[in-house]
Amino acid sequence: MTTVPAVEAGRPLPVDFYARPVVDVARDLVGCLLVHGGTAGRIVETEAYHESEPASHAFGTPPRPTSRTRTLFGPPGRAYVYRSYGIHACVNAVCEADGIGAGVLLRAVEPLVGLDAIRARRPGRPDVELASGPGRLTLALGIGLDDDGADLVAGPLRIVAPGHGDPVPRVVTGTRVGITKATDLPWRFVDATSAHVSRPWPPAMRAAR
DNA sequence: CATGGGATTGACT
DNA sequence: GTCAATCCCATGC
């Protein structure tokens, strides 16, 4: 595991945390807490995307920001929120240096705080499906396109380091899902101890159960 | 300028 | 298992 600069238990992750290679950040975000409004959940699944590979929204020759991806090329530690399939909102943590298009897609959280509000936003869903997918996650925590560009370090939408007593995730690696290009890169990270992840499970997780 | 395709989900056969 | 919903942008004529 990469040495993570200046992370304090229970405190928001600092900008330096995000200003690192995006794959390292994706792995290290598993187990951290995503907070929005009165609700929060433990991050149990992430994927890394980088402008150098064709599955990224930032991929291009040369890579350039569009109206959609402007935030993705901006400074690290912000939220990049985009519309998926014209319907859903999905949220990334912007990584690496300002000017580089790189982000970690947050694919699933285990709801911990504000369960009543979360269940009200996801009527009829069993608890393990409340936020077990990138579109479900934003619905559950009330994250929308208006949160694009939000400061994850100091804003109302933020990511917090685990506390001393919080469970330590068992991170397993797999290939990213829902894409058709660069499908071989092992850039998906899942907490194998959690039931709140999206499918398909990585082989290492199936083997452990 | 017209068309096609997603970093998805949920309803339905 | 199949399929529609629906926005932004890339591609191609």
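Within every chain, numbering begins at 1; the chains are lettered A, B, ... in the order of the sequence lines, protein sequences first and strands thereafter.
- Between the CZ atom of A/Arg68 and the C1' atom of C/dT6 there is a distance of 14 Å, given to the nearest Å.
- Within the nucleic acid shown, A/Arg122 comes within 4.0 Å of sugar-phosphate atoms alone, with no base atom in reach, counting heavy atoms only.
- Residue A/Ser84 has no polar side-chain atom (N or O) positioned under 4.0 Å from OP1 or OP2 of B/dA7.
- Side-chain contact between A/Tyr18 and A/Leu152 is present, with heavy atoms from C-beta onward closer than 4.5 Å.
- Side-chain contact between A/Phe189 and A/Asp28 is absent, with no heavy atoms from C-beta onward closer than 4.5 Å.
- Comparing A/Glu129 and A/Ala58 along DNA chain B, the residue whose closest nucleotide (by nearest heavy atom) sits nearer the 5' end is A/Ala58.
- Rounded to an integer number of Å, the gap from CZ of A/Phe73 to P of C/dC9 is 12 Å.
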Full working for side-chain contact (heavy atoms from CB on, under 4.5 Å) between A/Leu33 and A/Ile159: CA-CA 6 Å; A/Leu33 199 66; A/Ile159 303 179; over 6 Å; no
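- Comparing B/dA7 with C/dT11, their P atoms sit 13 Å apart, to the nearest whole Å.
- Rounded to whole Å, atom P of B/dT9 lies 13 Å from atom CZ of A/Arg199.
- Within 4.0 Å (heavy atoms only), A/Ser67 reaches sugar-phosphate atoms of the nucleic acid but no base atom.
- Screening A/Asp147, A/Leu145, A/Leu139 against A/Ile143 for a side-chain contact (heavy atoms from CB on, under 4.5 Å) leaves a single residue, A/Asp147.
- Atom-to-atom, CD of A/Glu47 to C1' of B/dT8 comes out at 12 Å; the value is rounded to the nearest Å.
- Here, B/dG10 and C/dC8 have their C1' atoms 22 Å apart, quoted to the whole Å.
- Counting only heavy atoms from C-beta on, A/His57 has its side chain closest to B/dA7 among C/dT6, B/dA7, C/dC9.
- Remark: P of C/dT11 and CZ of A/Phe59 are 9 Å apart, rounded to the nearest angstrom.
- The gap from the P atom of C/dC13 to that of B/dG5 amounts to 14 Å, rounded to the nearest Å.
- Each of A/Leu34, A/Leu13, A/Val171, A/Asp24 was compared with A/Leu29 under the side-chain contact (heavy atoms from CB on, under 4.5 Å) criterion, and only A/Leu13 meets it.
- For the pair A/Ile87 CD1 and B/dT8 P, the computed distance is 12 Å after rounding to whole Å.
- Relative to the side chain of A/Thr180, the nucleotides C/dA5, B/dG6, B/dT8 differ in distance, and B/dG6 lies closest.
- A/Ile179 comes within contact range of the sugar-phosphate backbone alone, with a heavy-atom separation under 4.0 Å but no base atom that close.
- Counting only N and O atoms by type, the side chains of A/Thr71 and A/Arg78 include no donor and acceptor under 3.5 Å apart.
- Mapping A/Leu139 and A/Tyr80 onto DNA chain B via the closest heavy atom, the residue that lands nearer the 5' end is A/Tyr80.
- One interatomic measurement links the two molecules: CG of A/Asn92 to C1' of B/dG6, which rounds to 15 Å at whole-angstrom precision.
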Dot-bracket line, read 5' to 3' along DNA chain B, where crossing pairs take [ ] and | marks a partner on another strand, Watson-Crick or G-U under 3.5 Å: ||||||.|||||.
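- The side chain of A/Arg83 has C/dC7 as its nearest neighbour among B/dA7, C/dC9, C/dC7.
- Candidate nucleotides B/dT8, B/dA7, B/dG10 were compared by shortest atom distance to the side chain of A/His88, and B/dT8 ranks first.
- A/Lys181 has its NZ atom 11 Å from the P atom of B/dG5, to the nearest Å.
- Nearest to the side-chain atoms of A/Arg136 among the listed nucleotides B/dA7, B/dG10, C/dC9 stands B/dG10.
- Contact check on A/Asp191 versus A/Arg42 returns a salt bridge, with a Lys/Arg side-chain nitrogen under 4.0 Å from an Asp/Glu carboxylate oxygen.
- When distances run from any side-chain atom of A/Arg125 to the nucleotides C/dC7, B/dA11, B/dT8, the shortest one goes to B/dA11.
- No side-chain donor-acceptor contact under 3.5 Å links A/Ser194 and A/His196.
- A donor N or O paired with an acceptor N or O is not found under 3.5 Å between the base of B/dA7 and the side-chain atoms of A/Tyr85.
- Across all non-hydrogen atoms, the minimal contact from A/Phe59 to A/Pro54 is CG-CA, 3.4 Å.
- Between A/Arg176 and B/dT8 there is no side-chain N or O to OP1 or OP2 distance below 4.0 Å.
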